Amino acid sequence: MPDPDPAFRDWAARRGFTVHAHRFASELDLTHFDPAAFEPQRQAAQAQGVTFTDLSGTDLSGTDLNSADGTTLDRYLNFVADRLTETPDLAGHPRWPLTQVREILRLDHDPRPDWLVLALGPDGEWLGTTAMIRFRSLPFAYNELTALHPQARGRGLALPLKLQVIERARREGFTTMRTNNHSLNAPMLAVNRRLGFVQQAGRFEMHRPLP
């Protein structure tokens, strides 16, 4: 049910449907984004020994890293597939095959390995990822996923991780970033609001038990 008009939900509620989830897009104006405002969060991550890299083999400072060979890419696809099963949308559903993960990351159509970002711990452990893609027919950058390994949550890493793709999008000349949200993903919603993402009109998913 579209959320701008409550009459749709009222119609469904009278027939025994209740709200199961609220899904919506959020947009960030990149032209007025001030990364300096989030320097404390970046420094807090650095103080934990966290570094950021991507699958292109180059980090933001230009330091050369190992190129992402097939083994690294396979590990990354599995890492993303595991994180997807932990999202409100896909919790309890079968794990996606790696071909489907490749598809959402557009690796077979418009690959941008420099937009697949990893947060690394002091010992090189993978703590989280954020992934950005583009649709050539649309004028915005799309943040497909930002997710942390369960053991890395609660450490304030999601925001500085998301800053990585925001900076990449701005360097590419994008003026808007979009991402999709689920109402039950409270931690990520809080991060998006803090960064300045503005909620757009969405839709309610409503369920009714069978008689």
Side-chain angles (χ1 to χ4, degrees), residues 1-28 73-110 115-116 126-155 157-159 161-162 165 176-211:
M1 298 293 175
D3 62 9
D5 189 347
F8 288 100
R9 296 197 304 280
D10 293 341
W11 178 91
R14 290 194 299 270
R15 289 156 177 81
F17 287 85
T18 58
V19 174
H20 174 73
H22 185 207
R23 296 181 176 85
F24 51 90
S26 296
E27 289 191 353
L28 177 65
L73 180 57
D74 185 69
R75 181 184 174 189
Y76 182 77
L77 294 174
N78 278 283
F79 187 79
V80 171
D82 288 340
R83 304 289 76 77
L84 289 173
T85 65
E86 298 158 0
T87 64
D89 265 321
L90 296 177
H93 290 269
R95 185 178 187 266
W96 281 14
L98 298 191
T99 53
Q100 193 169 359
V101 178
R102 288 183 64 92
E103 177 64 28
I104 66 167
L105 298 177
R106 300 186 66 78
L107 293 180
D108 298 321
H109 306 290
D110 187 17
W115 290 357
L116 308 179
W126 289 18
L127 303 178
T129 185
T130 187
M132 183 172 71
I133 61 174
R134 62 182 172 185
F135 299 95
R136 293 187 180 276
S137 60
L138 299 174
F140 53 79
Y142 180 66
N143 185 201
E144 175 68 49
L145 171 77
T146 302
L148 294 168
H149 189 281
Q151 296 181 356
R153 294 172 190 164
R155 295 166 53 181
L157 299 180
L159 190 149
L161 182 57
K162 201 153 189 162
V165 286
T176 305
M177 174 173 283
R178 180 176 290 187
T179 191
N180 284 334
N181 296 128
H182 191 292
S183 59
L184 297 182
N185 196 349
M188 192 55 63
L189 290 175
V191 168
N192 286 343
R193 285 193 295 268
R194 192 166 188 179
L195 287 167
F197 281 86
V198 178
Q199 180 176 329
Q200 308 296 301
R203 61 183 177 88
F204 287 91
E205 179 183 334
M206 303 186 70
H207 289 188
R208 187 183 75 171
L210 292 173

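Model, not experiment: these values are computed from the prediction.
Although no hydrogens or angles enter the test, the distance criterion places no donor-acceptor pair under 3.5 Å between the side chain of Thr176 and the main chain of Leu28. In this structure a side-chain-to-backbone donor-acceptor pair under 3.5 Å is present from Arg106 to Arg134. Formation of a donor-acceptor pair under 3.5 Å by the Arg23 side chain with backbone atoms of Glu205 is not found in this model. A donor-acceptor pair is defined here as one N or O able to donate and one able to accept, closer than 3.5 Å; no such pair exists between the side chain of Asp3 and the backbone of Phe204. Using modelled atom types, no side-chain atom of Arg83 and backbone atom of Gly128 make a donor-acceptor pair closer than 3.5 Å.
The distance from atom CE of Met1 to atom NE2 of His22, rounded to the nearest 0.5 Å, is 13.0 Å. Distance CG/Leu138 to CZ/Arg178: 7.5 Å, rounded to 0.5 Å. Going from atom CZ of Phe135 over to atom NE2 of His109 covers 10.0 Å, rounded to the nearest 0.5 Å. Note: Arg203 CZ to Phe8 CZ = 14.0 Å, rounded to the nearest 0.5 Å. Atoms CD and CG, on Gln200 and Asn180 in that order, are 10.5 Å from each other to the nearest 0.5 Å. Taking CG from Asn181 and CZ from Phe197, the interatomic distance works out to 8.0 Å, rounded to the nearest 0.5 Å.
Under the side-chain contact (heavy atoms from CB on, under 4.5 Å) test applied with Leu145, the options Val80, Leu105, Ile104 reduce to a single match, Val80.
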(request) Please assess Leu116 against Thr129 for the test side chain to side chain contact (heavy atoms under 4.5 Å, CB included), listing each intermediate value before the final yes or no. (result) CA-CA 7 Å; Leu116 308 179; Thr129 185; 5.6 Å; no

(request) Begin from the C-alpha positions of Leu73 and Leu107 and carry the test side chain to side chain contact (heavy atoms under 4.5 Å, CB included) through to its verdict. (result) CA-CA 10 Å; Leu73 180 57; Leu107 293 180; 4.0 Å; yes

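Residue Arg95 qualifies as enclosed at atom CZ: its count of foreign heavy atoms under 6.0 Å is above 12.
Contact check for Trp115 versus Asp110: no side-chain heavy atoms found under the 4.5 Å cut-off. Taking 4.5 Å as the limit, some side-chain heavy atom of Val165 sits within range of a side-chain heavy atom of Met177. Between Glu86 and Pro150, some side-chain heavy-atom pair lies under the 4.5 Å cut-off. When side chains are defined from C-beta on, Asn192 counts as touching Lys162, because their heavy atoms get closer than 4.5 Å. Put simply, the side chain of Met188 does not reach to within 4.5 Å of the side chain of Thr179, judged on heavy atoms.
Of all heavy-atom pairs spanning Ala152 and Leu127, the tightest one is CB-O, 3.6 Å. Nearest heavy atoms, Thr146 versus Leu161: CG2-CD2, 4.2 Å.
In summary, the side chains of Thr87 and Asn185 do not present any donor paired with an acceptor at a separation below 3.5 Å, with no hydrogens or angles considered.
Relative ring orientation between Phe79 and Trp126 is described as perpendicular, the plane-to-plane angle rising above 60° on a 0-90° scale split at 30° and 60°.
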